[in-house]
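A short write-up of the structure that comes next.
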Number of protein chains: 2
Amino acid sequence: MELRTLKYFIVIAEELNITKASKILMIQQPPLSNQIKNLEDELKTKLFIRGKRQLKLTEEGKYLYQKAKDILRLVDETKSEIHNMSLGLKGVISIGLVEGMAPDIAANWISSFMIKYPLVKFRVIDGNSDDLIEKMRSGLISLAVITAPYDQILLNSIKVGEEKMVAFLNKSHHLADNKKDFITLDELANEPLIIPSRKTHIDTIKKWFKKNRKEPNIVCEMDNYLDAIALANRNVGVSIFPKTEYVLNSSIISKDIGEINANIEYLFVWRKGHQLSIIEDNFIDHIKAVVNHK
Amino acid sequence: MELRTLKYFIVIAEELNITKASKILMIQQPPLSNQIKNLEDELKTKLFIRGKRQLKLTEEGKYLYQKAKDILRLVDETKSEIHNMSLGLKGVISIGLVEGMAPDIAANWISSFMIKYPLVKFRVIDGNSDDLIEKMRSGLISLAVITAPYDQILLNSIKVGEEKMVAFLNKSHHLADNKKDFITLDELANEPLIIPSRKTHIDTIKKWFKKNRKEPNIVCEMDNYLDAIALANRNVGVSIFPKTEYVLNSSIISKDIGEINANIEYLFVWRKGHQLSIIEDNFIDHIKAVVNHK
DNA sequence: GTCTATCATATCTTTTTTGTATGATAAATG
DNA sequence: CATTTATCATACAAAAAAGATATGATAGAC
């Protein structure tokens, strides 16, 4: 069975007259008769009752008529959807988001992009920066918001946000009490620390202490931000993580870390030298526009 | 475009290798290359990225792969249904199930129906309500369980379940702490919201707030229930979605929304004004009987 | 540098579809 | 009731499409 056959069948079912149908289809009548005969043979069912001077659909014929229209409509819609896709109006954008501020940053882009491109859907992939970079390398995702640093050979980037690394500690912690709104590295050197497990972060934090000729007491490297907060909340120690104000609850407070520049950058990244889909290109343009207007 | 072409395309899309595909299809490789080339010409889009030694599907190719399988399945089911038409005792029932409680509801029907009609097989199609309605409109499926509302011109319906819309939020969220087991709309008005992308849900939620003279701060519309939960888990904001207890995990909690009637209805629906197969008719009767006996 | 795997192109062959001619049937017409 | 007309079916030729064979191009693998 081919789509051509179904098209022919539909016209005949509507006209109930092979000759007229053949004129509409601009082919001759005998081939049309043949096509229907072959279709009936293939389905092992009569589709028409050849009565007297007029055709009539059998029950099977009526059923096929509906389904044939469904099938052809589905085919047509598929064609036009693919056309929309190739114009960059429709599709799915998969974007990796690191924990922290990234989902918040991206939510803004997504909601404004959706107004312009209502047919586009989003798929969010979670993970830490290293996970996401690995997923980009393997081609699983093409777009992401991660924290610096990153592989500049592999990825293009735009800076889209900045955040302080701060110390999280429970209200009842002895360092929480003092009146300063920052903690010194000397104070931190005596505390058990919970820090992000990303290698570059560990290195950075070690460097801070090395400058002050101290050794950090890292008791726990955590992948997950929320778990780290939970540990700080239980007074296991002080967590050093990006501030991200909206996750704070009442029992935990954050303090700046004195003496050092503890900023981390959020970067929107996409794969270099790799053919992106047209929607992805449009989305990147959109982000560039948003970032530049600020 | 013909069905033959789609069959060929599917095998190539699965093998990502024209030579292997040609062996599976038992034709030679050059005509296969040609068919794909013609298909691409017809659609005015590249379906494969010819990279180095391996083929890769483009976004358009991936889309066509899904649709081509839908189309061929519809054709096969139509053929076999025409075969079985007079019997009504065997065949395949395709039913769409929305995420949430629908699979649970349908499981009951299916198991009791199978006792009565042991030769009938089921095929379940997943998707959100809008997807499923779209598939019903396009004739891909004739039966589904979706959430209200729906197009009453297109579909007949029976109410088969009800569930609350609730707010999902991370344990550490400041609104999670208070002792009430519900959240007021005033509280929600200040929060970033993640809500189902379905238009009617957005409208409903806006109406809730309008009654209280507030404006909701919708930061993300998500198609996918689990992704929405993931974002809530990341404290991007509060997700408003149907409760469905079995997806809850330990770090996320749900709260009722005060002041409003936030129920959503589950409906069993089937296509209006369309001749269904005899098994499908039997299945609808079965469901009516089950629902009425409760 | 040669070999191998893979896809593309060119050309010929086969199959399928379409067209033409014609026959069969039965309702409409005079 | 014979003739005309409308309609579908069958037979066979022509055209188009699909498939096969041979071969070329390219880029990893060896």
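As a basis for the values below, the full set of heavy atoms in this structure was taken, side chains included, without hydrogen atoms, waters or symmetry mates. We name chains A, B, ... by the order of the sequence lines, and we start the count at 1 in each one.
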**Q.** Interface residues of residues 25-36 of chain B with DNA chain D (non-hydrogen, below 4.0 angstrom)
**A.** B/Ile27, B/Gln28, B/Pro30, B/Pro31, B/Gln35
Q: Would you kindly give the NZ-to-P distance between A/Lys37 and C/dT17, to the nearest whole Å?
A: 13 Å
**Q.** Non-hydrogen side-chain atoms of A/Leu6 and A/Met1 separated by less than 4.5 Å
**A.** yes
Q.
Is it the case that the ring center of B/Phe9 lies less than 6.0 angstrom away from the ring center of B/Phe48?
A. yes
Q. So, A/Arg73 and A/Asp76, do they make that salt bridge, N to O below 4.0 Å?
A. no
Q | Under 3.5 Å donor-acceptor, A/Glu2 side chain and B/Arg4 backbone | A | yes
Q | Interatomic distance where CG belongs to B/Asn38 and C1' belongs to D/dA16 [whole Å] | A | 13 Å
Q. Rounded to the Å, how far apart are B/Glu42 CD and D/dA17 C1'?
A. 14 Å
Q.
Rounded to whole Å, please give me the gap between CG in B/Leu3 and P in C/dT16.
A. 16 Å
Q: Verify whether one side chain among A/Glu77 and B/Ser138 offers a donor that lies under 3.5 Å from an acceptor in the other.
A: no
Q. Looking at residues 9-22 of chain A, who's got a heavy atom less than 4.0 Å off DNA chain D?
A. A/Asn17, A/Ile18, A/Thr19
Q: Please tell me if the side chains of A/Trp109 and A/Phe283 come closer than 4.5 Å, counting only heavy atoms from C-beta onward.
A: yes
Q: Rounded to the nearest angstrom, tell me the gap between atom OH in A/Tyr8 and atom C1' in C/dT18.
A: 8 Å
Q: May I ask you to check whether over 12 heavy atoms, not counting those of A/Lys206, lie within 6.0 Å of atom NZ?
A: no
Q.
Output the rounded distance in Å from CD (B/Gln54) to P (C/dT6).
A. 10 Å
Q | Whole angstrom value for the distance that separates P of D/dT7 from NZ of A/Lys56 | A | 18 Å
Q | Between D/dA17 (P) and A/Glu2 (CD): distance, integer Å | A | 14 Å
Q | Under 4.0 angstrom between A/Arg50 side-chain N/O and D/dA9 OP1 or OP2 | A | yes
Q.
Would B/Glu40 and B/Lys37 count as a salt bridge (Lys or Arg N to Asp or Glu O under 4.0 Å) here? Give the steps.
A. CA-CA 5 Å; B/Glu40 287 182 329; B/Lys37 186 174 175 294; over 6 Å; no
Q: Determine the contact category for B/Phe48: base if any of its heavy atoms lies under 4.0 Å from a base atom, sugar-phosphate if only primed atoms, P, OP1 or OP2 are that close, otherwise nothing.
A: nothing
Q) side-chain contact (heavy atoms from CB on, under 4.5 Å) with B/Val11: which of B/Ile24, B/Leu32, B/Asn17? A) B/Ile24
